[in-house]
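Contents: one structure, followed by commentary.
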Number of protein chains: 2
Amino acid sequence: MTLSEEDYIKVIYHLGKNENGTVSTNAIADRMETKPSSVTDMVRKLSEKGFVNYKKYKGVSLTEIGTKTALTLVRKHRLWEVFLVEKLNFPWDEVHEVAEQLEHIKSEKLVDKLDKHLDYPEVDPHGDPIPSKNGAFKKSIKKLMNEIPIGANGVCVGVKDSSPPFLKFLDKNNIALGDSILILDKEEFDESLHIRINGSDIHISSQIASNLYLRITE
Amino acid sequence: MTLSEEDYIKVIYHLGKNENGTVSTNAIADRMETKPSSVTDMVRKLSEKGFVNYKKYKGVSLTEIGTKTALTLVRKHRLWEVFLVEKLNFPWDEVHEVAEQLEHIKSEKLVDKLDKHLDYPEVDPHGDPIPSKNGAFKKSIKKLMNEIPIGANGVCVGVKDSSPPFLKFLDKNNIALGDSILILDKEEFDESLHIRINGSDIHISSQIASNLYLRITE
DNA sequence: ACAAATTTTTAGTTTTATCTAAATTTTTAT
DNA sequence: ATAAAAATTTAGATAAAACTAAAAATTTGT
């Protein structure tokens, strides 16, 4: 199997965003199911082309242009996922593989028109944010939550990235993101969560609750 | 540039459908902007894999499975072109290059769902027919025209494949395929065509007329 | 701080695609 | 029918990607 520069850039992006942005040769090799020596070769090439910063034995990180390239790929991937689910009625859990191919189609105009066709979505079907054309993400959920004014006993609930089970749960209960959610019984949080959404009470299992961000006034 | 098996199969299909189906090494090389010796190598490979019949010095033709593969590619290409024009509002003359990439996406389910989403179109934006899933074309325009009953002085007009200028002309004059067209002055056919469409008279230049199929009662 | 373990790079090999140039086969023209 | 021209294949060269095994650098544990 022959891996493309874009495949490498994407992996470096995804591995790098957890830490300080520097990724090891072996980590890349493991993720891509290739050999470290092959990674060294490719990383040299990417460095010569200006996509990564590379110092021997010291790992790789994306340059500004490398990051831009990665974000464009993420944007394309997630827009295509929205298309597959919303327009073609694919199930959520089947879109990744196809989007993995579609993201490599080269046409800026196509992406712009797709974005418009989908009415400029901000998240993909898994709840992950879609970077804007210039590579900016919407503020993260955590940041947004911190900006919402909540009262003395207030609670703010957000949904973590990549939580299909919880999104399915919301869907089933006719709850859309942005609805006001009030936690009634904070005490029982370990087992289940008793909350009031849109005026009706619902119990949430702790497993699903683990997919939530909570911000509670001190 | 590294050419794929699919690229070769497509070219053999398109070159072969004019003649008896057998295509020469040089014709392929010319079309693909590669060298005849490279074609020989690839054709051997395709032959081993069962996509083509190949006898040294005697040219290549597609096997049944090769033809099926080619038709699937044509189907995908044309469906994507419909999508680009009808859903994303691309201009007709810009879709080919993008469809050339999209046709290589591998997912049978995607093609089925795209077909449904587009409401099972029978022609692409250039008027070329879209093969069905099992590889069958609708009857050709010529065949259809021969089945239409026309009177003593009747004329039947069809649009040839790949004639964007004429389609643009039709569009501009609010003429849809299937409208009845009556040729008034057959005599002047060499320079321009004087026809009556939907009750109003129109002159067609001979250049545009060259994109028409005509069937005139003897 | 240092030896052992781990990680990463280097050197050289293999595989694959494509090319050039020469050899072979087929076609064309008289 | 045969010589010349054209088309096609073969043989060998080049380039790129990925591998194996050995060498070098870094990190870890005491």
Side-chain angles (χ1 to χ4, degrees), chain A residues 1-16 18-63 66 69-70 73 100-101 104 106, chain B residues 1-16 18-63 66 69-70 73 100-101 104 106:
Chain A
M1 185 51 189
T2 174
L3 298 162
S4 70
E5 293 181 5
E6 286 188 346
D7 292 330
Y8 272 87
I9 289 172
K10 252 184 55 183
V11 165
I12 295 168
Y13 172 79
H14 282 117
L15 291 176
N18 301 319
E19 347 239 323
N20 51 15
T22 296
V23 182
S24 80
T25 304
N26 268 16
I28 298 170
D30 281 355
R31 174 71 85 93
M32 305 188 77
E33 300 189 335
T34 186
K35 302 293 165 186
S37 55
S38 304
V39 175
T40 301
D41 287 344
M42 176 58 97
V43 151
R44 278 233 163 72
K45 194 168 128 192
L46 290 175
S47 174
E48 276 164 19
K49 292 193 175 182
F51 292 106
V52 301
N53 306 115
Y54 170 60
K55 278 278 195 317
K56 281 192 342 182
Y57 296 102
K58 299 300 180 189
V60 232
S61 62
L62 291 176
T63 61
T69 305
L73 286 167
E100 202 72 12
Q101 298 180 63
H104 295 293
K106 279 166 188 50
Chain B
M1 185 52 187
T2 174
L3 299 162
S4 71
E5 293 181 5
E6 286 188 341
D7 292 330
Y8 273 87
I9 289 171
K10 252 184 58 184
V11 165
I12 296 168
Y13 172 79
H14 285 299
L15 291 175
N18 301 319
E19 348 240 322
N20 52 14
T22 297
V23 181
S24 80
T25 303
N26 268 15
I28 298 170
D30 282 354
R31 175 71 85 92
M32 304 188 78
E33 299 187 339
T34 185
K35 303 295 166 185
S37 56
S38 305
V39 174
T40 302
D41 287 343
M42 176 58 97
V43 151
R44 279 232 163 71
K45 193 168 129 192
L46 290 175
S47 173
E48 277 164 20
K49 293 194 174 183
F51 292 107
V52 301
N53 305 117
Y54 171 60
K55 280 277 198 308
K56 280 192 345 183
Y57 296 103
K58 299 300 181 189
V60 231
S61 62
L62 292 175
T63 61
T69 305
L73 285 167
E100 202 73 12
Q101 297 180 64
H104 294 293
K106 278 163 189 51

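Everything numeric here is computed off the predicted structure, so don't read it as measured data.
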**Asked** Side chains of A:Ser38 and A:Asp41: do they bring a donor and an acceptor to under 3.5 Å?
**Response**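 There is no such pair between these side chains.
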How long is the straight-line distance from [atom2] of [Y] back to [atom1] of [X], given to the nearest 0.5 Å?
X	Y	atom1	atom2	answer
B:Lys106	A:Gln101	NZ	CD	7.0 Å
B:Thr69	B:Phe51	OG1	CZ	4.5 Å
B:Leu46	B:Glu6	CG	CD	11.0 Å
A:Met42	A:Tyr54	CE	OH	13.5 Å

Going by atom type alone, with no hydrogens or angles, which donor-acceptor pairs under 3.5 Å involve a side-chain atom of residues 24-37 of chain B and a protein atom two or more places apart or on another chain?
from    : atom 1 : to      : atom 2 : distance (Å)
B:Ser24 : OG     : B:Ala27 : N      : 3.1

**Asked** Taking protein heavy atoms under 4.0 Å as touching, what does nucleotides 9-24 of chain D look like 5' to 3' if B marks base contact, S marks sugar-phosphate-only contact and - marks none?
**Response** BB------SSBB----
**Request:** Shoot me the first and last contacting nucleotide of DNA chain C against chain A, ordered 5' to 3', at under 4.0 angstrom to non-hydrogen atoms.
**Result:**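 Both ends considered, the range comes out as C:dT7 to C:dT10.
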**Message:** Main chain of B:Asn53, side chain of B:Ser47: is a donor-acceptor contact present, judged purely on distance under 3.5 Å?
**Reply:**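 It does not hold such a pair.
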